[in-house]
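Values below: every heavy atom of this structure, side chains too, minus hydrogens, waters and symmetry copies.
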Amino acid sequence: MKTTKAATKVGVVGCGYWGPNLIRNLRQSPDCDLKLLCDASEQRLNHMRQLHPEVATTRRFEDLLNGADLDAVVIATPVRHHYEMAMACLRAGKHVFIEKPMARTEAEGEEMVALAEREGLVLMVGHTFLFSPAVRRMKEIVDAGDIGE
């Protein structure tokens with residue numbers, strides 16, 4: 001008998017600049033069940049409701065942590081919120097995808113990684129340009145020493 005893996009239930013906080021791109025990608029993935037969108041702006045949430053009327057919305061970040069039955073949270077907010085939000089999600093037992101930059105400081109990043117490891121949770125940072133042909137070519141040039149020190 002074949003068993004099917006349940007889709008990962010995901011919430012997104014931050015529906016401004018980069019969030020809608022992540023939301024679109026999550027909606028297209030058969031492995032994701034987008035359950036909840038969060039933003040401080042009612043105007044942004046109204047726009048998201050028009051695009052995705054079947055997805056619940058909230059202005060309260062805490063709703064992503066309590067009672068939403070989410071497996072993972074995507075954080076697409078300004079970097080000043082990344083550390084606090086990611087730590088709260090990890091403490092609540094949620095896997096976290098966080099947009100770049102992951103944190104304001106190396107110490108914040110290290111603390112998030114350590115907590116994720118202790119809790120056995122996935123902590124992933126966005127890497128949009130990692131596979132970009134232009135970025136890959138620049139890496140080749142740097143690695144080859146073609147631009148000096």
Taking the side chain as every heavy atom from C-beta outward, state whether [X] and [Y] have any pair of such atoms under 4.5 Å apart.
X	Y	answer
C89	F97	no
P20	H47	no
N46	Q43	no
M124	I98	no

Tell me whether [X] shares a hydrophobic cluster with [Y], the cluster being built from Ile, Leu, Val, Met, Phe, Trp, Tyr side chains joined at under 4.5 Å.
X	Y	result
V13	L26	no
M85	V79	no
V74	V125	no
V73	V55	no
L51	L22	yes

So, for [X] and [Y], which heavy atoms are closest and what is the spacing to 0.1 Å?
X	Y	answer
G120	H95	O-CE1, 4.3 Å
L123	A116	CB-CB, 3.7 Å
T77	H81	OG1-CB, 3.5 Å
L90	E119	O-CG, 4.4 Å
C38	C15	O-SG, 3.8 Å
N21	Y17	ND2-O, 3.9 Å

(message) Suppose we screen for salt bridge (charged side-chain N to carboxylate O under 4.0 Å, His left out). Which residues come up paired with D71, at least two apart in sequence or across chains?
(response) none

(message) Would L36 and D63 count as a side-chain contact (heavy atoms from CB on, under 4.5 Å) here? Give the steps.
(response) CA-CA 9 Å; L36 186 59; D63 292 344; 4.3 Å; yes

How long is the gap from [atom1] on [X] to [atom2] on [Y], to the nearest 0.5 Å?
X	Y	atom1	atom2	value
L115	L121	CG	CG	7.5 Å
I23	C32	CD1	SG	12.5 Å
I141	D146	CD1	CG	6.5 Å
K35	D33	NZ	CG	4.5 Å
M48	Q50	CE	CD	9.0 Å
L34	R24	CG	CZ	13.0 Å

(request) Please name the residue in the list V96, V12, L64 that meets the side chain to side chain contact (heavy atoms under 4.5 Å, CB included) test with I75. (result) V96

(request) For the pair R59 and D39, find out whether any cationic side-chain nitrogen is under 4.0 Å from an anionic carboxylate oxygen. (result)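 A salt bridge is absent here (no side-chain N lies under 4.0 Å from a carboxylate O).
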
(message) Between the side chains of R49 and E54, is the shortest nitrogen-to-carboxylate-oxygen separation below 4.0 Å, so that they form an ion pair?
(response)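 Between R49 and E54 there is no salt bridge, as every charged N stays at least 4.0 Å from the carboxylate O atoms.
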
(message) Using salt bridge (Lys or Arg N to Asp or Glu O under 4.0 Å), reason through R104 and E111 one step at a time and then give a plain yes or no.
(response) CA-CA 12 Å; R104 290 176 293 186; E111 191 175 345; over 6 Å; no

(request) For atom CD of E140, decide whether the heavy atoms of other residues, nucleotides or ligands shown that lie under 6.0 angstrom number more than 12. (result)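 Enclosed.
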
(message) side-chain contact (heavy atoms from CB on, under 4.5 Å), that's the test. Do V113 and M102 meet it? Break it down for me.
(response) CA-CA 10 Å; V113 168; M102 183 173 144; 3.8 Å; yes

(request) Using atom types as modelled and distance alone, determine if a side-chain donor or acceptor of K94 lies under 3.5 Å from a backbone N or O of L70. (result) yes

